[in-house]
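Step one of this worksheet: look at the structure below.
Start at 1 with the first residue, then count along the sequence.
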Amino acid sequence: MAKKDFVMIETALLRRKSFHSLETCSERNAYLTATLSSQANYIGVFRYPLDWFSSESKIPVEDLVGVVGHLEDVGLIEYDLEEENLRLRDWFYTSNIRTSANTVKRAARDFLKSDVPRIASVSRAAAEFVVASLKGVSGYGQESDHGPKVFEVLRGFLCRAVNEFPEIEASLLAEMEQHGIGVKLGFDEVFLGLIEGEAIAARAISAAPSKGLPSGSDAPTEYKTTPDHTETKNKGKPYASQQVSVCQDRFQKSIGPTASTLNSPLALAAKKV
């Protein structure tokens with residue numbers, strides 16, 4: 001994950017209720033240090049050991065533990081003491097909001113990079129990214145082509161993210177409940193990507209070839225018999241059955257959601273927005 005070279009901090013931060021409630025310079029210093037940290041990245045979730053945090057903020061570790069706890073209480077950060085991962089909350093609702101297909105695409109790629117841990121806090125950050133992006137394009141109006149382009153990127157992102165990040169569906173539901181007012185535009189289309197991703201994973205499992213041999217076979221053979229009883233070289237797996245081939249063909253041709261996924265909590269929530 002690429003580290004940030006710069007970060008934009010809105011002047012509105014001083015009027016943000018959570019930041020304004022901080023009463024000590026140490027608390028404000030800690031939040032700004034985390035935002036500007038050399039360890040931070042473009043998705044707002046990064047590993048930040050307390051000793052490193054202490055070194056950059058000049059706050060002793062024994063004091064920093066309490067400061068971090070207070071920053072969590074007011075909703076500015078999320079910190080996992082065991083894993084030492086820090087998440088900057090509301091990262092995508094501020095100056096880091098994505099409002100074009102290209103910027104949304106870059107953020108989606110950042111989340112899906114192999115060095116990003118597949119943990120719950122990243123799932124919550126991904127949910128924030130999706131809902132914030134929907135809010136970001138809501139002002140364009142239905143006549144603009146910005147919205148459909150962003151919706152397409154977000155739908156593809158969720159199609160992959162649902163099978164990579166834990167708790168992504170629950171995180172999306174929680175994020176929509178808290179910040180989803182006014183994002184009706186594109187909601188159904190974007191969130192269908194999550195349902196499609198679940199359906200693709202289910203079909204991939206059903207398409208997996210059996211590990212055993214077909215009934216009546218003693219060993220795999222590299223030849224197969226054609227209807228005219230001539231033998232031809234078997235290309236591919238020697239004991240792949242015709243049933244599996246049909247299943248794989250259906251999987252490749254159809255990625256639509258199944259009835260069960262269409263009745264998932266997220267799908268039902270989409271109908272109510």
Side-chain angles (χ1 to χ4, degrees), residues 1 41-46 78 80 83 85 87 89 91-93 97-98 101 103-137 147-180 183-208 247-248 250-273:
M1 171 59 65
N41 53 37
Y42 291 106
I43 65 172
V45 187
F46 52 97
E78 177 184 338
D80 186 329
E83 297 293 335
N85 282 308
R87 174 191 163 213
R89 297 184 62 178
W91 175 254
F92 291 101
Y93 291 118
I97 193 169
R98 278 30 176 200
T103 55
V104 170
K105 191 178 297 183
R106 282 196 293 270
R109 282 200 300 262
D110 285 340
F111 273 106
L112 293 170
K113 287 181 178 177
S114 60
D115 58 347
V116 173
R118 271 48 176 173
I119 56 178
S121 61
V122 177
S123 295
R124 288 187 281 274
E128 180 186 293
F129 155 63
V130 171
V131 176
S133 297
L134 286 173
K135 291 173 74 74
V137 299
K149 291 178 180 178
V150 170
F151 301 156
E152 182 180 358
V153 175
L154 291 175
R155 180 171 173 170
F157 168 69
L158 286 182
C159 191
R160 288 190 57 186
V162 67
N163 296 311
E164 296 198 28
F165 295 103
E167 303 178 17
I168 186 69
E169 182 171 335
S171 298
L172 286 165
L173 284 168
E175 196 69 26
M176 282 300 302
E177 183 177 349
Q178 185 174 2
H179 296 285
V183 298
K184 172 63 177 175
L185 183 65
F187 180 94
D188 294 347
E189 181 180 350
V190 168
F191 281 75
L192 187 60
L194 185 147
I195 300 170
E196 289 174 339
E198 291 177 337
I200 289 173
R203 288 190 173 90
I205 293 174
S206 69
C247 184
Q248 288 173 330
R250 287 172 53 204
F251 169 59
Q252 292 172 350
K253 290 181 180 178
S254 173
I255 60 172
T258 61
S260 60
T261 52
L262 281 173
N263 290 320
S264 69
L266 192 62
L268 295 177
K271 300 174 183 177
K272 298 178 181 178
V273 174

Excluding sequence neighbours, so at least two apart, what forms side chain to side chain donor-acceptor pair (under 3.5 Å) with Arg89? none

Nearest atoms (heavy-atom pairs only) where Val45 meets Asn41: O-ND2, 2.7 Å

Between Cys159 and Ile200, what is the shortest heavy-atom contact and its length? SG-CD1, 3.7 Å

Ala201 and Asn163 have their tightest heavy-atom pair at CB-OD1, 3.4 Å

In Å, rounded to the nearest 0.5 Å, how long is the span from CZ of Arg203 to CD of Glu198? 12.0 Å

Heavy-atom check, side chain of Met176 versus side chain of Val131, under 4.5 Å: yes

With sequence neighbours excluded, what pairs up with Glu152 under the side chain to side chain contact (heavy atoms under 4.5 Å, CB included) test? none

Val190: which residues meet the side chain to side chain contact (heavy atoms under 4.5 Å, CB included) condition with it, sequence neighbours left out? Val130, Leu134, Phe151, Leu154, Leu158

Spatial distance of atom CZ (Arg160) from atom CD1 (Ile168) [nearest 0.5 Å]: 13.0 Å

Between the side chain of Trp91 and the main-chain N/O of Tyr42, is any donor-acceptor distance below 3.5 Å? yes

Smallest separation among heavy atoms of Val116 and Asp110, with atom names: CG2-O, 3.2 Å

Could you report the tightest heavy-atom contact between Val104 and Ser133, atom names first, then the distance? CG2-OG, 3.9 Å

Hey, are the side chains of Phe46 and Asn85 touching, using non-hydrogen atoms and a 4.5 Å cut-off? no

Contacts of Arg124 meeting side chain to side chain contact (heavy atoms under 4.5 Å, CB included) (sequence neighbours excluded), chain-then-number -> Glu78, Arg87, Ala120, Ser121, Glu167, Ser171

With sequence neighbours excluded, tell me which residues meet side chain to side chain contact (heavy atoms under 4.5 Å, CB included) with Gln178. none

Look at the side chain of Thr103 and the backbone N and O of Arg98, then say whether any donor-acceptor pair between them is shorter than 3.5 Å. no

Atom pair CG/CZ of Leu192 and Arg155 - distance to nearest 0.5 Å: 4.5 Å

By side chain to side chain donor-acceptor pair (under 3.5 Å) - contacts of Arg118 (at least two apart): Glu164

Can you name the ring-ring contact (aromatic ring centres under 6.0 Å, His included) partners of Phe129, sequence neighbours left out? Phe92, Phe111, Phe157

